[in-house]
Protein chains: 2
Amino acid sequence: MVTLDDIAKKAGFSVSTVSRVLNGKAKRYRISDKTQEIVNKIAKDLNYQPNQLARGLRLKKTHTIGLVLPDISNPFFAHVARIIQTEIYEQGYIIIVCNTDENQEKEIEQVRLLRSKGVDGFLIMPVGLRYDHIEELLESDIPLVLLDRCFDALNTNSVIVDNYIGTYRAVEYLIQKGHRRIAIIQGLPRTSTNTKRLEGYEDALKKHDIAIDEKLIVGKDFREDNGYIESKFLLNLSNPPTAIFCTSDLITLGTLKAIHEEKLTIPNDISIISFDDFDFAPYLGTPLTAVSQPKQMMGKMAVKQLMEDINGNGDQEKNHIVLKPTLNIRQSVKTLN
Amino acid sequence: MVTLDDIAKKAGFSVSTVSRVLNGKAKRYRISDKTQEIVNKIAKDLNYQPNQLARGLRLKKTHTIGLVLPDISNPFFAHVARIIQTEIYEQGYIIIVCNTDENQEKEIEQVRLLRSKGVDGFLIMPVGLRYDHIEELLESDIPLVLLDRCFDALNTNSVIVDNYIGTYRAVEYLIQKGHRRIAIIQGLPRTSTNTKRLEGYEDALKKHDIAIDEKLIVGKDFREDNGYIESKFLLNLSNPPTAIFCTSDLITLGTLKAIHEEKLTIPNDISIISFDDFDFAPYLGTPLTAVSQPKQMMGKMAVKQLMEDINGNGDQEKNHIVLKPTLNIRQSVKTLN
DNA sequence: TTTATGTGTGAAAACGATTGTTCAAGGTTA
DNA sequence: TAACCTTGAACAATCGTTTTCACACATAAA
């Protein structure tokens, strides 16, 4: 790769002069037009590209953002990642993506690694079981926005969805339709998203004087297998639920598989509501009623916050943005008498 | 951030000694056990993390791979990206992801940017309209694997799917089921994937003596809107097709939307075959017959090749791997008498 | 003629790491 | 006692930038 030095030698000027010309600081340093022309021409001829490592080292700025998320193949995260990538690229930044696989240790390691790579900021959709590593970023004043999940104990920028109300409304809708035995397949316990969704579920039942049956609260992560396994069990209960609330689209996929295997139909044999609402939801065997997250807004707002934090003087106030989900009613819920 | 110098000062040794200890080169440089202990302890106490920019600059190695793809929110790419990320992370590398939006200029720019960031190699799912920038990488001996699409004129490592045979078989299947008027909604013209799929389509028709109707060859990119728009037109033709072959799942999504709007049903009114075969395909209103790409294999093989290239001595032979797709027959094709 | 002012450029330090070379001190051998 | 190893560690160069400071020269003012 061609360096400043190469250009300098060829042009007969010093590295400093070349650097200044190429950085548009010619005027400030009173560099003659002729010199500028020469330098620019040679730089172009040689197809010079500044070495960003050297630049980053010197400037302490890399124009790189670390995007940490659980699983890029989950359509919800993929969608948000896409929005983020596009928005941030427009601002002259690029993203390094790390999958944590919902593994807390992996997340901690990745944050450390990204930090030593000199990223200018973080966009994190955290696993959510621990937060000391995030607190560390906070203390070091590294720009940071938490997305999708956050921590009550931490005063960070964040963009989340009101998971409580989303679930509450969905479950209430089921109750209105006459359902009493409503199961919930949880995602990863002890994460903020899951906790809120569970609370919404329980509160909706309580509000309508329906006793909570622990057998109907199952699940352990947001993945397909979890949905499949738990659905199999739920459907084979002696007193099975009439409706299942799935806390992610991937869980729903597993549930769909189980229902299919059991030769049941939606909504006749079992009603379903999903969370996330991916693009194909309207075209499923039974168009899926689902709680929809404003993915586009989430991504855009997170980037906006992060950029303000990066470009600010460090004393920005932290924003905690909560977006409202919507319940997209389609046909996967049966009306019971 | 704490540096080698901080440790050196605190320990009372020079930076070089500290560096050697921390890099496990103590023996080679005869550094005493006591010194090692002291240095290691201080490094741990201070939670030292090497500055990867400085390291990369000196070593000319960043342990970072550039992953360039058209659209991370497309489930096919998301899936492959996920596999790649996981595999590569295990090898001690991380990925920078860039979306090109199927925009050739953007891709060229991104490759340039990634290069100046000092990535150790590239994994590219190219737009496919131009390849001079890729040729440049090749000439500079930068490790590189092309994925999904490749260029006949270029001798690069590549992992692709046999798009021709995939489409050929799918179309032949339609013909066997009695279809004669078969439409194809193309992806981005002049890309290798699209060209091969189109060839497969045309050859299958020719083989069975079915005249090619230019009206039935439509489309301009792999996106949802394209599928929607073209389907609307196809369905409203005076002599509409009995079957549509969609060259990507996203196109299929658009087609589904159009069919839905037109109040038609699959496969009674119109038969569909899709390309890619995403996870939800079996659970759609009509389970979708689709050409399935071995995503897992594609990702794994691409990473394997890239790693061999990176770790090799530069005179590796280039591999051109072609994987076979499979036709997953479900229920979206009607048998016409 | 001296002093001030302006103009155009270069030298060198710094960023944080790695590594080939050098060096001092102590011990061994002749 | 001089010459020579061995051991343990420091020095200094290097990677490619950016930026502070200094400098040389020319012109203008006193």
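Letters A, B, ... mirror the listed sequences (proteins, then strands); counts begin at 1. Owing to the predicted nature of the structure, the values given are computational and were not obtained by experimental measurement.
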- Query: First and last nucleotide of DNA chain C in contact with chain B, 5' to 3', at under 4.0 Å to a heavy atom: what are they?
  - Reply: C:dG16 to C:dG20
- Message: Just so I know, are the side chains of A:I321 and A:I160 near enough to count as touching, which here means a heavy-atom distance under 4.5 Å?
- Response: no
- Message: Please classify the nucleic acid contact of B:L4 as base, sugar-phosphate, or nothing, using heavy-atom distances under 4.0 Å.
- Response: base
- Query: Quick one: are A:T86 and A:R82 in side-chain contact, heavy atoms under 4.5 Å?
  - Reply: yes
- Task: Please work out which residues in residues 108-118 of chain B have a non-hydrogen atom less than 4.0 Å from an atom of DNA chain D and list them by number.
- Result: none
- Message: Does this structure show an ion pair linking A:E102 with A:R149, if we count only N-O contacts that are shorter than 4.0 Å?
- Response: yes
- Is B:R130 salt-bridged to B:E105, cutoff N-O under 4.0 Å? yes
- Is the shortest heavy-atom distance from the side chain of B:Y89 to the side chain of A:K106 under 4.5 Å? yes
- Task: Report yes if a side-chain nitrogen or oxygen of B:S14 is closer than 4.0 Å to either non-bridging phosphate oxygen (OP1 or OP2) of D:dA10; otherwise report no.
- Result: yes
- Name every residue in residues 16-36 of chain A that has at least one heavy atom under 4.0 Å from any atom of DNA chain D, in order of residue number, or write none if there are no such residues. A:S16, A:S19, A:R20, A:N23, A:K25, A:Y29
- Message: Could you report the tightest heavy-atom contact between B:I310 and B:Y93, atom names first, then the distance?
- Response: CG2-OH, 3.4 Å
- So, B:D101 side chain and B:N103 main chain: donor-acceptor pair closer than 3.5 Å or not? no
- Message: Can you confirm whether A:Y48 sits close enough to A:I7 that some side-chain heavy atom of one is under 4.5 Å from a side-chain heavy atom of the other?
- Response: yes
